[in-house]
Participant: 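Got a structure for you, questions after.
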Amino acid sequence: MPELPEVETTRLALAPHLEGQRLAMVQIRVPKLRQPTPAAELLQGRTVLRLFRRAKYILATLDDDYTLLIHLGMSGRFSVFPHTGGAHTPTQLTKYPHPPLAKHDHAILTTGLAELRFNDPRRFGLLLRIPTHALHTHPLLQNLGPEPLDAGFTGAVLQAALRGKTTAIKPTLMNNTVVVGVGNIYASESLFAAGINPSVAAGELSKTQCTRLVASIKKVLQQALATGGSTLRDFRHPTGEAGHFQDEFRVYDRAGEPCHTCGTAILQATHAQRSTYWCPVCQK
DNA sequence: ACCCCGACCTGAGGGC
DNA sequence: TGCCCTCAGGTCGGGG
């Protein structure tokens with residue numbers, strides 16, 4: 001499910017229920033996701049000071065000098081069940097019967113405002129408790145490339161990151177040390193928008209192409225954010241709404257269908273074991 | 001230092 | 001109906 005637009009959509013939906021709120025009750029129902037999950041007692045009673053995002057990680061700064069790191073993996077999502085009728089103590093919360101827990105509901109965070117449930121069938125997601133002072137040197141975070149929507153991500157920066165790389169540009173866009181947040185959907189979509197063939201060796205892109213590609217990545221991600229991300233199969237906003245960017249796909253998941261620009265059939269191939277889609281006429 | 005591949009998981013969908 | 005195969009929005013560690 002989650003590339004930058006879906007992760008940011010999730011963060012935006014969670015923030016009003018978490019920022020400034022105390023985790024009155026925490027349940028951890030799975031011993032490990034990608035890594036062992038923190039004990040509920042270490043999180044319960046803490047207040048969330050701030051909820052921010054870096055790459056595809058959602059980070060909750062807690063009031064005990066720890067940060068809760070959340071990653072949605074392939075199939076992770078949050079559901080929000082707001083309480084009705086104002087603030088409550090944990091005991092009172094049980095008086096508000098939210099729907100029964102579902103299969104793969106691995107963590108439940110309850111504040112005075114809502115119950116937030118993390119569901120992840122494939123368990124590629126991640127919940128980690130990290131000392132806040134050590135966050136930027138944590139192995140998961142210290143080698144990350146630039147945020148694609150930051151002003152500092154420019155054609156020159158991309159070209160420098162691609163220098164000497166012989167791998168095709170498409171899987172390279174999904175390399176977190178080059179740029180973060182771009183996954184399998186938005187890599188194909190951005191290359192289409194830039195008119196670049198996904199098989200071109202990354203290091204061979206011209207300065208002009210890098211500049212165009214950076215502009216396309218920003219445009220595609222911003223448009224996806226504006227439409228609430230992409231809903232394939234099961235991705236939902238924490239509110240339960242679907243995203244709509246899947247209606248805007250130019251190439252992703254459209255093998256054999258006509259290019260919206262030139263009518264040529266969209267092609268599909270595999271790069272690094274992931275599907276790539278492109279138009280052989282519009283992308284050179 | 002790079003690059004590729006398998007591994008980690010469950011579930012949906014298609015073919016037989 | 002069921003079984004078996006493939007594929008799915010991500011990342012990491014090992015080996016070449």
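A note on names: the letters A, B, ... follow the listed sequences, proteins ahead of strands, and every chain is numbered from 1. These values consider heavy atoms only, across backbone and side chains, with no hydrogens, waters or symmetry-generated copies.
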Participant: Quickly work out the A/Lys56 NZ to C/dT11 C1' distance and round it to whole Å.
Facilitator: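 Between C1' of C/dT11 and NZ of A/Lys56: 9 Å.
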Participant: DNA chain B: A/Asn175 or A/Gln273, which has the more 5' nearest nucleotide?
Facilitator: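 Closer to the 5' end of DNA chain B: A/Asn175.
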Participant: With ring-ring contact (aromatic ring centres under 6.0 Å, His included) as the rule and sequence neighbours excluded, what pairs involving residues 256-276 of chain A come up?
Facilitator: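 Non-adjacent pairs meeting ring-ring contact (aromatic ring centres under 6.0 Å, His included): zero.
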Participant: A/Ile70 CD1 to C/dT11 P: how many Å, rounded?
Facilitator: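 Spelled out: CD1 on A/Ile70 to P on C/dT11 is 15 Å.
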Participant: Do any side-chain nitrogens or oxygens of A/Arg274 fall under 4.0 Å of OP1 or OP2 in C/dG10?
Facilitator: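 A/Arg274 to C/dG10 OP1/OP2: side-chain N or O found under 4.0 Å.
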Participant: For A/Tyr57, answer base if it contacts any base atom (sugar-phosphate contacts may also be present), sugar-phosphate if it contacts only those atoms, and nothing otherwise; contact means non-hydrogen atoms under 4.0 Å.
Facilitator: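 Sugar-phosphate: the residue A/Tyr57, judged by heavy atoms under 4.0 Å, touches backbone atoms but no base.
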Participant: Expected output is a numbered-order residue list: members of residues 28-36 of chain A with a heavy atom under 4.0 Å from any atom of DNA chain B. What is it?
Facilitator: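 Within this stretch, nothing sits under 4.0 Å of the strand.
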Participant: Could you check whether any side-chain heavy atom of A/Thr111 comes within less than 4.5 Å of a side-chain heavy atom of A/Leu23, counting everything from C-beta outward?
Facilitator: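 Sidechains of A/Leu23 and A/Thr111: in contact.
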Participant: Does the structure place the NZ or CZ of A/Arg34 under 6.0 Å from the centre of the six-membered ring of A/Phe124, at an angle of no more than 45° from the ring's axis?
Facilitator: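 No - A/Arg34 does not lie over the ring of A/Phe124 by the 6.0 Å and 45° rule.
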Participant: Using whole Å, report how far CG of A/Leu69 lies from C1' of C/dT11.
Facilitator: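 After rounding, the reported distance stands at 13 Å.
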Participant: Please report, rounded to the nearest Å, how far the C1' atom of C/dA8 is from the CD1 atom of A/Ile185.
Facilitator: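 Rounding to the nearest Å, CD1 of A/Ile185 and C1' of C/dA8 are 10 Å apart.
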Participant: Output yes when at least one side-chain N/O atom of A/Ser75 is less than 4.0 Å from OP1 or OP2 of C/dG10, else no.
Facilitator: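 No, because none of the side-chain N or O atoms of A/Ser75 sits under 4.0 Å from OP1 or OP2 of C/dG10.
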Participant: Would you call A/Asp64 and A/Arg129 a salt bridge, taking side-chain N to carboxylate O under 4.0 Å as the test?
Facilitator: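 Yes, A/Asp64 and A/Arg129 are salt-bridged.
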Participant: Would you check if A/Leu173 and A/Pro171 make a side-chain contact, meaning some heavy-atom pair closer than 4.5 Å?
Facilitator: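 Contact flag for A/Leu173/A/Pro171 side chains = no.
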Participant: A/Ala39 and A/Ile28: which non-hydrogen atoms are nearest, and at how many Å?
Facilitator: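 Where A/Ala39 meets A/Ile28 most closely, the heavy atoms are C-CG1, 4.5 Å.
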Participant: Looking across every strand, which nucleic acid part, if any, lies under 4.0 Å from A/Asn176 by heavy atom: base, sugar-phosphate, or nothing?
Facilitator: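 Answer is sugar-phosphate: A/Asn176 comes under 4.0 Å of backbone atoms only.
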Participant: When the P atoms of B/dC9 and C/dG14 are compared, how many Å lie between them, rounded to an integer?
Facilitator: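 Roughly 16 Å separates the two P atoms.
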Participant: Could you check how far CZ of A/Phe124 sits from C1' of C/dG10, rounded to whole Å?
Facilitator: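 The answer, rounded to whole Å, is 8 Å.
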Participant: At the 4.0 Å heavy-atom cut-off to chain A, mark where contacts on DNA chain B begin and end, going 5' to 3'.
Facilitator: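 Listing 5' to 3', DNA chain B meets chain A from B/dC3 to B/dG11.
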Participant: Show which side-chain atoms of residues 135-149 of chain A pair as donor or acceptor with protein atoms under 3.5 Å away, not counting sequence neighbours.
Facilitator:
residue	atom	partner	partner atom	Å
A/Thr137	OG1	A/Ala134	O	3.1
A/His138	ND1	A/Leu140	N	3.0
A/Glu147	OE1	A/Arg53	NH1	3.0
A/Glu147	OE1	A/Arg53	NH2	3.3
A/Glu147	OE2	A/Arg54	NH1	3.0
A/Glu147	OE2	A/Ala55	N	2.6

Participant: Please give the distance between the P atoms of B/dG6 and C/dT6 as a whole number of Å.
Facilitator: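 Their P atoms lie roughly 13 Å apart.
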Participant: Under 4.5 Å between any side-chain heavy atoms of A/Pro5 and A/Phe245, yes or no?
Facilitator: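 A side-chain contact under 4.5 Å is absent here.
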Participant: Please test A/Asp65 against A/Arg46 for salt bridge (charged side-chain N to carboxylate O under 4.0 Å, His left out), starting from the C-alpha separation and ending with a verdict.
Facilitator: CA-CA 10 Å; A/Asp65 297 323; A/Arg46 303 277 54 84; over 6 Å; no
Participant: Establish, yes or no, whether the cationic atom of A/Arg254 lies under 6.0 Å from the six-membered ring centre of A/Phe249 and within 45° of the ring axis.
Facilitator: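 Not flagged: A/Arg254 not positioned over aromatic ring of A/Phe249.
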Participant: Once you apply a heavy-atom cut-off of 4.0 Å, does A/Leu140 come out as touching a base, just sugar-phosphate, or nothing?
Facilitator: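 Sugar-phosphate only.
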Participant: For a quick check under 3.5 Å, do A/Thr67 and A/Thr132 share a side-chain donor-acceptor pair by atom type?
Facilitator: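 The answer is yes; a qualifying pair exists.
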Participant: Rounding to a whole Å, what distance do you find between A/Glu3:CD and C/dG10:C1'?
Facilitator: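 Taking atom C1' of C/dG10 as the reference, CD of A/Glu3 is at 9 Å.
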Participant: Looking at A/Ala255 and A/Gln268, what are the two nearest heavy atoms and their distance?
Facilitator: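 That closest heavy-atom pairing would be CB-OE1, 3.5 Å.
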Participant: Scan side-chain atoms only and decide if A/Asn184 and A/Lys170 contain a donor-acceptor pair under the 3.5 Å cut-off.
Facilitator: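 Their side chains do contain a donor-acceptor pair, which is all the 3.5 Å distance test asks for.
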Participant: Identify all stems in which DNA chain C takes part, counting only runs of at least 3 consecutive pairs (Watson-Crick or G-U wobble, each distance under 3.5 Å), and give each as one range with another, ordered by first number.
Facilitator: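 So far as stems of 3 or more pairs are concerned, DNA chain C shows B:2-8 with C:10-16, B:10-16 with C:2-8.
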Participant: NA contact type, A/Tyr252, heavy-atom cut-off 4.0 Å: base, sugar-phosphate, or nothing?
Facilitator: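 Result for A/Tyr252 = sugar-phosphate.
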Participant: Whole-Å distance between C/dG10 P and A/Leu127 CG?
Facilitator: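 The answer, rounded to whole Å, is 18 Å.
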Participant: To the nearest Å, give me how far apart CG (A/Leu141) and C1' (C/dG10) are.
Facilitator: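 In whole Å, C/dG10 C1' lies 15 Å from A/Leu141 CG.
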Participant: Which residues in residues 164-171 of chain A have at least one heavy atom lying under 4.0 Å from any atom of DNA chain B?
Facilitator: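 The stretch gives A/Lys165, A/Thr166, A/Thr167 as the residues lying under 4.0 Å from the strand, ordered by number.
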Participant: Using the ring centroid of each side chain, check whether A/Phe192 and A/Tyr186 are separated by less than 6.0 Å.
Facilitator: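 Judged by ring-centre distance (under 6.0 Å), A/Phe192 and A/Tyr186 do not meet the cut-off.
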Participant: Between A/Tyr252 and A/Tyr277, what is the ring plane arrangement, given parallel below 30°, perpendicular above 60°, and tilted in between?
Facilitator: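 Ring orientation, 0 to 90° scale: perpendicular.
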